[in-house]
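Only one structure is covered here, and it is reproduced in the block below.
Since the structure is predicted, the reported quantities are computational estimates derived from the model, not experimental observations. Chain naming here is simple, since letters A, B, ... match the order of the sequence lines and numbering starts at 1 in each. Heavy-atom basis, side chains included; hydrogens, waters and symmetry copies ignored.
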2 protein chains.
Amino acid sequence: MQTQTTPTAPQATGRSLEHPRREAIRLEDVLHALADPMRMRVVRTLAERPGELSCSVFDLPVSKSTTTHHFRVLRECGVIHQIYRGTAKMNALRRADLDAMFPGLLDSVLAAAALQEGRLGSGRDGKSARPEPGSARPAGG
Amino acid sequence: MQTQTTPTAPQATGRSLEHPRREAIRLEDVLHALADPMRMRVVRTLAERPGELSCSVFDLPVSKSTTTHHFRVLRECGVIHQIYRGTAKMNALRRADLDAMFPGLLDSVLAAAALQEGRLGSGRDGKSARPEPGSARPAGG
DNA sequence: TCCGTAGTACGGCGATCGTCAAACTACACT
DNA sequence: AGTGTAGTTTGACGATCGCCGTACTACGGA
């Protein structure tokens with residue numbers, strides 16, 4: 001079961017969540033939020049499955065309280081929108097807001113994450129070959 | 001004086017610095033490095049003034065040891081290349097490596113930073129109006 | 001050889017981070 | 001009313017962060 005936006009989904013309940021306004025979204029906060037692998041995973045899932053997803057469909061390899069924490073960070077920095085529907089809490093990427101504030105940023109971050117996952121071979125579950133930081137020889141511009 | 005790449009610049013000295021190979025550059029490390037305003041400032045300066053810049057031209061509003069720390073973070077995550085030339089340490093953006101690993105990422109981050117600075121009005125020196133995180137009404141889609 | 005400049009290394013400080021378990025709240029369903 | 005599910009809150013933990021000052025090293029030039 002997907003807990004996707006079902007027909008006859010419960011309406012929003014009384015509990016309200018604080019979200020930053022679009023104009024208040026700060027680049028450094030977004031980058032900080034995206035720098036965590038767990039949160040990046042959430043954002044990527046949200047990006048490839050548009051619409052509202054409940055927290056529970058993500059099944060992160062951390063405890064419930066840590067999951068709550070990560071979603072809160074994403075919401076407070078303006079990356080996702082959260083709303084209570086019945087007992088579930090639905091999440092959606094604030095793509096329009098992010099694109100308006102930082103055009104192209106989200107897409108290139110998402111593309112970079114996909115590329116890196118491809119190189120590492122399904123880095124989605126975190127247990128992949130991570131080539132250890134070797135010696136020098138960069139090729140900077 | 002700019003300490004830009006001068007004619008008759010001293011050659012690299014014996015001291016060597018560790019750099020990650022291009023393929024070892026990790027997205028989460030890059031995002032984490034860029035999430036700090038001081039480091040973002042360095043990267044932006046490096047981006048708009050291609051070539052090697054010595055640490056001292058940046059004149060960050062922090063102590064020397066903190067400056068060293070930030071440059072080290074940027075180097076160890078693969079964002080900049082550093083090399084000793086005489087008593088100076090020159091810095092350059094690893095644009096080719098970053099573009100190869102994460103196409104478009106650096107440019108959109110740089111563009112986002114420029115946009116945000118424009119909106120905040122010369123946020124370069126950190127002391128600007130930062131609209132406090134107000135109430136709700138996002139417009140995600 | 002001595003001095004000045006550029007940057008490093010080494011703690012140490014308070015703040016924040018990611019994590020957890022335990023107890024709790026809000027809702028749906030019976 | 002009672003039960004189960006979904007998520008929150010609190011408080012704690014060790015690790016990391018950004019920052020500092022002090023003492024140090026490496027180099028260039030007088």
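The side chain to side chain contact (heavy atoms under 4.5 Å, CB included) search around Asp107(B) returns Arg95(B), not counting sequence neighbours. With sequence neighbours excluded, the residues forming a side chain to side chain contact (heavy atoms under 4.5 Å, CB included) with Gln82(A) are Leu17(A), His19(A), Cys55(A), Phe71(A), Arg75(A), Ile80(A), Lys89(A), Asn91(A), listed by chain and number. Every residue two or more places apart in sequence or in another chain that forms a side chain to side chain contact (heavy atoms under 4.5 Å, CB included) with Ser63(A) is listed here: Ser65(A), Thr66(A). For Ala33(B), the side chain to side chain contact (heavy atoms under 4.5 Å, CB included) partners at least two apart in sequence or on another chain are Arg39(B), Val73(B), Leu74(B), Cys77(B). Residues that satisfy the side chain to side chain donor-acceptor pair (under 3.5 Å) test with Thr67(A), not counting sequence neighbours, are absent from this structure.
When the C1' atom of dA6(D) is taken as reference, atom CZ of Phe58(A) falls 14 Å away, rounded to whole Å. For Met90(B) and dA6(C), the CE to C1' distance is 12 Å, given to the nearest whole Å. Atom C1' of nucleotide dT5(C) and atom CG of Asp59(B) are separated by 15 Å, given to the nearest angstrom. Atom CG of Leu60(A) and atom P of dG18(C) are 13 Å apart (whole Å). Taking atom CG on Leu17(B) and atom P on dA6(C), their separation rounds to 18 Å, with Å as the unit. Straight-line distance from the CG atom of Asp29(B) to the C1' atom of dT16(D): 13 Å, rounded to whole Å. Rounding to whole angstrom units, CZ of residue Arg41(B) and P of dG18(D) are separated by 15 Å. Atom CZ of Phe71(B) and atom C1' of dG18(D) are 15 Å apart (whole Å).
In terms of hydrophobic clustering, with Ile, Leu, Val, Met, Phe, Trp and Tyr side chains grouped at heavy-atom distances under 4.5 Å, Leu115(B) and Leu31(B) are assigned to different clusters.
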Begin with the C-alpha distance, continue with both residues' side-chain angles, and end with the deciding distance and a verdict on side chain to side chain contact (heavy atoms under 4.5 Å, CB included) for Glu18(A) and Glu76(A). CA-CA 7 Å; Glu18(A) 288 270 301; Glu76(A) 289 180 343; over 6 Å; no
Check nucleotides 19-24 of chain D for protein N or O atoms closer than 3.5 Å to its own N or O atoms and list the pairs.
unit_1	atom_1	unit_2	atom_2	d
dC19(D)	OP2	His70(B)	NE2	2.4
dC20(D)	OP2	Ser63(B)	N	2.6
dC20(D)	OP2	Ser63(B)	OG	3.3
dC20(D)	OP2	Thr66(B)	OG1	3.1
dG21(D)	N7	Ser65(B)	OG	3.1
dG21(D)	O6	Ser65(B)	OG	2.7

All N/O pairs under 3.5 Å across the protein-nucleotides 2-4 of chain D interface:
none

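For residues 89-119 of chain B, no pair satisfies ring-ring contact (aromatic ring centres under 6.0 Å, His included), with sequence neighbours left out.
The pair Arg94(A)-Asp97(A) meets the salt-bridge criterion, since a charged nitrogen lies less than 4.0 angstrom from a carboxylate oxygen.
In terms of phosphate contacts, Arg39(A) brings a side-chain nitrogen or oxygen within less than 4.0 Å of OP1 or OP2 of dG18(C).
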